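These notes are about the structure you will find just below.
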Amino acid sequence: MRARTDDLPDSDKQLLDDVEQYGVHVVHVPAELGGGGFSFTVGLWHNFEQPEVIVFGLPDEVAHDLLNAVADEADEGRRFLADSRHEGLLENYSVRFLAVPRSAYADHFGAASWAYEGEEFPAVQLVWPDKQGRWPWDAEAREAFRCGQPVLGTRESRA
């Protein structure tokens with residue numbers, strides 16, 4: 001993990017301070033024209049050997065709370081690995097974790113790549129279902145839902 005120095009911008013100092021003090025920093029990237037917003041973690045791999053996590057299509061507050069819940073669980077030894085399904089992170093819904101390909105890191109994990117200074121770190125995407133329990137890859141899922149939660153990688157199984 002990058003060392004904190006006094007010459008860094010305040011936002012970078014805050015990121016590194018959060019990773020040191022809380023074990024994780026959450027970055028929110030706003031929606032752009034034609035693309036949805038997303039949020040991701042920095043520090044999970046460094047502190048808990050938990051892959052960094054990205055989630056799409058949730059309001060910042062909801063994403064922040066969800067990613068902090070992942071960090072709390074990781075701090076207690078629970079792991080959220082690629083190709084797994086978990087209950088309890090979202091009330092009444094299960095979530096899935098999918099591997100994020102390295103080719104997606106440049107567009108989605110800029111602050112994490114900066115913080116890790118080129119060190120390798122794994123990442124997973126937290127995918128959540130719609131209210132009917134459909135996943136973004138299900139044919140019955142609404143187009144707006146699919147577009148708001150793009151799947152970065154591929155699923156290894158049908159878990």
Side-chain angles (χ1 to χ4, degrees), residues 1-2 8-19 22-47 50-74 80-118 121-156:
M1 183 66 56
R2 183 178 294 273
L8 292 172
D10 288 343
S11 59
D12 291 344
K13 289 178 190 174
Q14 185 66 56
L15 182 152
L16 295 171
D17 290 347
D18 287 351
V19 169
Y22 305 112
V24 68
H25 177 84
V26 177
V27 175
H28 302 288
V29 177
E32 298 175 7
L33 291 176
F38 60 93
S39 301
F40 66 94
T41 62
V42 179
L44 292 181
W45 183 247
H46 176 72
N47 287 303
Q50 159 62 47
E52 300 300 341
V53 179
I54 187 168
V55 64
F56 287 86
L58 295 174
D60 289 355
E61 256 184 51
V62 174
H64 201 94
D65 289 345
L66 181 59
L67 294 174
N68 275 326
V70 169
D72 290 344
E73 295 279 338
F80 303 94
L81 304 175
D83 208 27
S84 65
R85 185 177 187 147
H86 292 273
E87 308 290 333
L89 286 171
L90 288 180
E91 192 171 322
N92 300 319
Y93 294 96
S94 62
V95 297
R96 294 181 179 184
F97 289 86
L98 306 176
V100 175
R102 297 239 184 256
S103 61
Y105 281 32
D107 290 337
H108 297 95
F109 285 96
S113 295
W114 171 84
Y116 283 106
E117 293 187 286
F121 63 91
V124 292
Q125 180 178 354
L126 187 159
V127 182
W128 46 276
D130 68 11
K131 291 180 181 179
Q132 291 75 32
R134 297 176 296 215
W135 301 99
W137 51 80
D138 288 340
E140 303 83 24
R142 291 180 336 273
E143 183 68 22
F145 175 69
R146 279 199 293 277
C147 290
Q149 191 177 191
V151 177
L152 298 178
T154 58
R155 295 176 300 125
E156 294 296 321

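Worth saying up front: this structure is predicted, and the values here are computed from it rather than measured.
- When all heavy atoms of Ala111 and Val42 are compared, the pair lying nearest together is C-CG2, 4.3 Å.
- Scanning both residues, Asp60 and Ser39, for their nearest heavy atoms gives OD1-OG, 4.3 Å.
- Here His28 contributes atom NE2 and Phe40 contributes atom CZ; the two are 10.0 Å apart, rounded to the nearest 0.5 Å.
- Residues forming a side-chain contact (heavy atoms from CB on, under 4.5 Å) with Tyr22 (at least two apart in sequence, or on another chain): Asp18.
- Applying the side-chain contact (heavy atoms from CB on, under 4.5 Å) rule to Pro150 yields the partners Phe56; only residues at least two apart in sequence or on another chain are considered.
- Within a 6.0 Å radius of CD in Glu61, no more than 12 heavy atoms belonging to other residues, nucleotides or ligands are found.
- Pairs of residues two or more places apart, or lying in two chains, that qualify as side-chain hydrogen bond (donor to acceptor under 3.5 Å, both in side chains) and include a residue from residues 103-114 are Arg102-Tyr105.
- Considering every non-hydrogen atom in both Leu44 and Pro51, the closest pair reads CD1-O, 3.7 Å.
- Taking all atoms of both residues into account, the shortest heavy-atom contact from Val55 to Ala63 is CG1-CB, 4.0 Å.
- For the pair Pro129 and Ser94, the tightest heavy-atom approach, listed with the atom from each and the gap, is CD-O, 3.2 Å.
- Residues meeting the side-chain contact (heavy atoms from CB on, under 4.5 Å) test with Glu143, sequence neighbours left out: Arg146, Cys147.
- Considering all non-hydrogen atoms of both residues, Ala123 and Phe109 come closest at CB-CZ, 3.6 Å.
- Note: Ile54 CD1 to Leu126 CG = 10.5 Å, rounded to the nearest 0.5 Å.
- Trp128 is listed as a side-chain neighbour of Leu90, based on a closest heavy-atom distance under 4.5 Å.
- Looking at residues two or more places apart in sequence or on another chain, you find a side-chain contact (heavy atoms from CB on, under 4.5 Å) between Asn68 and Val24, Val26, His64.
- Pairs of residues two or more places apart, or lying in two chains, that qualify as side-chain hydrogen bond (donor to acceptor under 3.5 Å, both in side chains) and include a residue from residues 50-59 are Thr41-Glu52, Glu52-Tyr116.
- His86 contributes atom NE2, which lies 11.5 Å from atom CZ of Arg96 (distance to the nearest 0.5 angstrom).
- Without hydrogens or angle criteria, Asp138 side chain to Trp135 main chain gives a donor-acceptor distance under 3.5 Å.
- Val19 is listed as a side-chain neighbour of Asn47, based on a closest heavy-atom distance under 4.5 Å.
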Checklist entry - So Tyr93 and Lys131, side-chain contact (heavy atoms from CB on, under 4.5 Å) or not? Walk me through it. => result CA-CA 9 Å; Tyr93 294 96; Lys131 291 180 181 179; 3.8 Å; yes
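- Using a 4.0 Å cut-off between charged side-chain N and carboxylate O, Lys13 and Asp17 make no salt bridge.
- Within the model, atoms NE2 of His25 and CG of Asp12 stand 9.0 Å from one another, a figure rounded to the nearest 0.5 Å.
- Taking CG of Leu67 as the reference point, atom CG of Leu89 lies at 9.5 Å (rounded to 0.5 Å).
- Between the side chain of Gln125 and the main chain of Leu152, a donor-acceptor pair closer than 3.5 Å is present.
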